[in-house]
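I have a structure I would like to understand better, so I am pasting it below and will then ask my questions one at a time.
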Amino acid sequence: EQEETEEETPPPPKKDIPDIGDEIDLSEEPWNQCIGMYSCKAIKRPAFVDAAIAEAANKQKKGGDVPSSAFAAKSMFGRFAQSAKSAMEESFIMVTENCILEFSANRLNIGSGKVTFAIGIDQMSKLKFRREESLSLFFKVASDDPLVYMCLDSALAVQDIQNVLKSRGVKGKHTNAATQRAVQMALNMVALIQQKEKELLEQPSVDRVNEIMDLYRQAAEKFESAGDSRHAEVMAHMQRFLSQKFTTSILDGTFSKDDAAISSPPASTLDEERVPVPQGEVLEQCKHLSNDDADDDDDHRKGDDDDDDDMNINDTTLDNMENMLAEAVADMGDLG
């Protein structure tokens, strides 16, 4: 007699990042070793996520086609079953060492779940949250189109994601609402300095110079209190402003409009001295969530160096401040 031996089918390989529609067992690796899992409700998904979910749904429909005679009955039953199932389901966001995934599970028996969406954590570009309220995830493929969840444990979820990113060597800075306000006030003062320097060119006076100097000091103090490296740049602008012949002549009383008409400002060294914005994870608060709670924002971005030469303005510092404002526009875009 020939004995037939049945070979056991090897289990499918475990995925670090599951596909949409996959069933996951929370008692198995790597899901039972996740960094954190939190109840959530998606209120906005980026276009690329909606497209991926729709594509997965279409594939599932094509694989489960039924004869047309049975379609009506099955469709009606399916809608009823889906409605009942949805009432008992709850959505969760899970953070692992490799990915962030959203899945749905029966709220009475959270032992397994069906993946709604999953993406590698290395695709994160920024995250924002409002404590005990919402969590917004930005990804590199759509840096201006966030995935937004209502999540009571948003602060804990953010901390988990930050810890994973830091373990991967991603660096950044953390700012809260007070820091954001300090930066905004400093940028407003920079804009005011630009305006005051134009007025100084038209109506030179010692009082105007002193006012501008005071604004320089205040802007530098605000940047420094926020831990923003631009305070050094503001101080450098102030020194250049003071060292200009136009400014010194006003202060020592030797200024004359005839001399100003033929004087030429020194060449700017701003572009040579400008320190590029460091790369990595930037943590800050979105503007519409401004309050005293700590809101976080991870942002990988690069500063833009804008060259704008205006030969009609007889003041180098004014040119420099315009360049600085242009550079700040990119930074403040994420705060909005």
Side-chain angles (χ1 to χ4, degrees), residues 173 175 178-278 287 301-336:
K173 65 180 181 180
T175 64
T179 304
Q180 176 193 334
R181 287 193 291 269
V183 172
Q184 182 63 68
M185 290 176 66
L187 291 174
N188 290 342
M189 289 176 186
V190 168
L192 185 57
I193 288 171
Q194 185 181 39
Q195 177 185 339
K196 293 295 182 180
E197 288 184 348
K198 288 181 179 179
E199 295 175 358
L200 181 65
L201 292 175
E202 298 172 357
Q203 298 178 333
S205 70
V206 174
D207 288 341
R208 290 185 185 276
V209 172
N210 291 334
E211 183 182 10
I212 292 171
M213 292 298 299
D214 187 52
L215 287 171
Y216 268 121
R217 284 189 288 267
Q218 291 183 51
E221 289 173 1
K222 292 296 182 182
F223 275 132
E224 188 172 17
S225 68
D228 196 307
S229 60
R230 283 174 289 190
H231 78 277
E233 188 175 353
V234 171
M235 293 301 295
H237 283 306
M238 183 175 68
Q239 293 298 327
R240 280 193 290 270
F241 173 74
L242 272 178
S243 64
Q244 288 180 9
K245 184 178 179 181
F246 173 71
T247 306
T248 57
S249 65
I250 295 174
L251 293 175
D252 62 21
T254 61
F255 172 79
S256 68
K257 292 186 177 181
D258 293 336
D259 293 339
I262 61 174
S263 63
S264 58
S268 172
T269 59
L270 177 64
D271 292 335
E272 298 176 1
E273 297 177 359
R274 180 180 296 149
V275 178
V277 177
K287 185 176 181 181
R301 67 187 177 210
K302 185 175 183 180
D304 296 324
D305 291 338
D306 298 328
D307 295 327
D308 182 15
D309 296 328
D310 187 350
M311 302 304 293
N312 296 322
I313 297 179
N314 190 26
D315 193 334
T316 315
T317 305
L318 185 56
D319 274 348
N320 294 341
M321 297 308 297
E322 290 176 343
N323 287 337
M324 184 178 177
L325 278 173
E327 187 180 62
V329 169
D331 294 344
M332 294 309 299
D334 289 323
L335 297 177

Sorted by chain and number, sequence neighbours left out, side-chain contact (heavy atoms from CB on, under 4.5 Å) with Met235 holds for Ala220, Met238
Heavy-atom distance under 4.5 Å between the side chains of Val209 and Met213, does that happen here? yes
| query | Is the closest side-chain heavy-atom distance between Leu200 and Glu211 below 4.5 Å? | reply | no
For Ala182 and Ala226 the tightest heavy-atom approach is CB-CB, 4.1 Å
In terms of relative ring orientation, are Phe241 and Tyr216 parallel, tilted or perpendicular, with 30° and 60° separating the classes? tilted
Given the options Ile250, Val206, Thr248, Phe255 meets side chain to side chain contact (heavy atoms under 4.5 Å, CB included) only with Ile250
Note to self: Taking the side chain as everything from C-beta on, heavy atoms only, tell me whether Ile193 gets closer than 4.5 Å to Glu197.
What the structure shows: yes
Contacts of Glu199 meeting side-chain contact (heavy atoms from CB on, under 4.5 Å) (sequence neighbours excluded), chain-then-number -> Gln195, Lys196, Arg208
Interatomic distance, CD@Gln244 vs CZ@Arg240, rounded to 0.5 Å, equals 9.0 Å
Applying side chain to side chain donor-acceptor pair (under 3.5 Å) to Asp252 and not counting sequence neighbours gives Thr254
Here the gap from Lys222 atom NZ to Arg230 atom CZ, rounded to the nearest 0.5 Å, amounts to 15.0 Å
Residues at least two apart in sequence or cross-chain that pass side chain to side chain donor-acceptor pair (under 3.5 Å) with Gln218, listed by chain then number, are Asp214
Applying side chain to side chain donor-acceptor pair (under 3.5 Å) to Glu221 and not counting sequence neighbours gives none
By side chain to side chain donor-acceptor pair (under 3.5 Å), Asn210 pairs with (sequence neighbours left out) none
